[in-house]
Every structure is written in structure tokens, then in C-alpha cells.
Amino acid sequence: MSHFNYIDLFGFSAALLTTLAFLPQLYKTWETKSADDVSLVMLILFITGLICWIIYGLKIHSIPILVANIVTFIFNFMILILKLSYNKKNNK
């Protein structure tokens with residue numbers, strides 16, 4: 001039976017804060033239908049880093065690392081899809 005672990009609580013707190021940090025950007029991109037101010041290179045590098053964090057989290061069996069990076073990956077992948085979609089529409 002597992003016991004309450006303050007280290008995991010700290011990890012989950014960090015995960016929550018860093019993951020939620022991307023919601024305003026996702027919302028703004030969705031609402032304005034523009035992602036011109038979001039760097040494509042930054043998104044690709046960041047998503048690649050998130051994939052590495054997910055693999056690392058799997059290897060060390062860290063739930064806080066996995067949860068944070070999977071959710072952050074989803075948010076950033078959505079921003080990437082919106083950016084590519086809006087750029088395509090604007091270039092027509």
C-alpha cells in the first residue's frame with residue numbers, strides 16, 4: 001500500500017503549473033484564429049522535448065512526469081495543428 005509522498009505532491013504541483021501555463025496560448029490561438037506570434041520552430045523543438053520527457057517518465061515510472069508531459073504535449077500539439085491550419089487558410 002502506497003503512502004502519501006510530499007515529493008510526489010511537489011512534482012504534481014510543478015506538473016499542474018507548467019501544464020496550465022499553455023492554456024492561455026491555446027485559448028488565444030483558438031479565439032483569434034491566428035498563431036502568427038507562435039514560433040513554428042519553438043513548437044517543434046518543444047514537442048520533441050516533451051516526447052523525450054514522456055519516454056523518460058515511462059522508463060523511471062514517474063507519474064508526475066508522465067501526466068504533466070502528456071497533457072502539455074496534447075496542448076502544444078493542438079497549438080501546432082491550429083498554427084498550421086490557420087497559416088494554410090491565410091496563405092490561400
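Keep in mind that this is a model prediction, so the values were computed, not measured.
Under the 4.5 Å side-chain heavy-atom criterion for ILVMFWY residues, a single connected hydrophobic cluster contains both Ile44 and Ile70. Under a hydrophobic clustering in which Ile, Leu, Val, Met, Phe, Trp and Tyr are joined whenever their side-chain heavy atoms come within less than 4.5 Å, directly or via other members, Phe73 and Leu66 fall into the same cluster. Placement of Leu9 and Val67 in two distinct hydrophobic clusters is found when ILVMFWY residues are connected by side-chain heavy-atom separations under 4.5 Å, directly or transitively. Criterion: ILVMFWY side-chain heavy atoms under 4.5 Å apart, direct or through other members. Under it, Phe10 and Ile63 are not part of a common hydrophobic cluster.
Not counting sequence neighbours, Phe75 has no partner by the ring-ring contact (aromatic ring centres under 6.0 Å, His included) test. Shown here are the ring-ring contact (aromatic ring centres under 6.0 Å, His included) partners of Phe12, two or more places apart in sequence or in another chain: there are none. With sequence neighbours excluded, no residue satisfies ring-ring contact (aromatic ring centres under 6.0 Å, His included) with Tyr86. Partners of Thr18 under the side chain to side chain contact (heavy atoms under 4.5 Å, CB included) rule, at least two apart in sequence or in another chain, do not exist in this structure.
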Determine all donor-acceptor pairs shorter than 3.5 Å in which one atom belongs to a side chain in residues 20-30; sequence neighbours excluded.
from: Gln25; atom 1: NE2; to: Thr29; atom 2: OG1; distance (Å): 3.2
from: Thr29; atom 1: OG1; to: Gln25; atom 2: O; distance (Å): 2.8

Expected list for residues 54-62: side-chain donor-acceptor pairs under 3.5 angstrom, two or more places apart:
from: Ser62; atom 1: OG; to: Ile65; atom 2: N; distance (Å): 3.4

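Here the shortest heavy-atom pairing between Pro64 and Ala15 reads O-CB, 3.8 Å.
Applying the side-chain hydrogen bond (donor to acceptor under 3.5 Å, both in side chains) test to pairs two or more places apart or on separate chains, those with a residue in residues 71-82 are Thr19-Thr72.
Residue Ile7 places its CD1 atom among 12 or fewer non-hydrogen atoms of other residues, nucleotides or ligands, all under 6.0 Å distant.
By the 4.5 Å side-chain criterion applied to Ile, Leu, Val, Met, Phe, Trp and Tyr, Leu45 is assigned to a cluster that also includes Val41.
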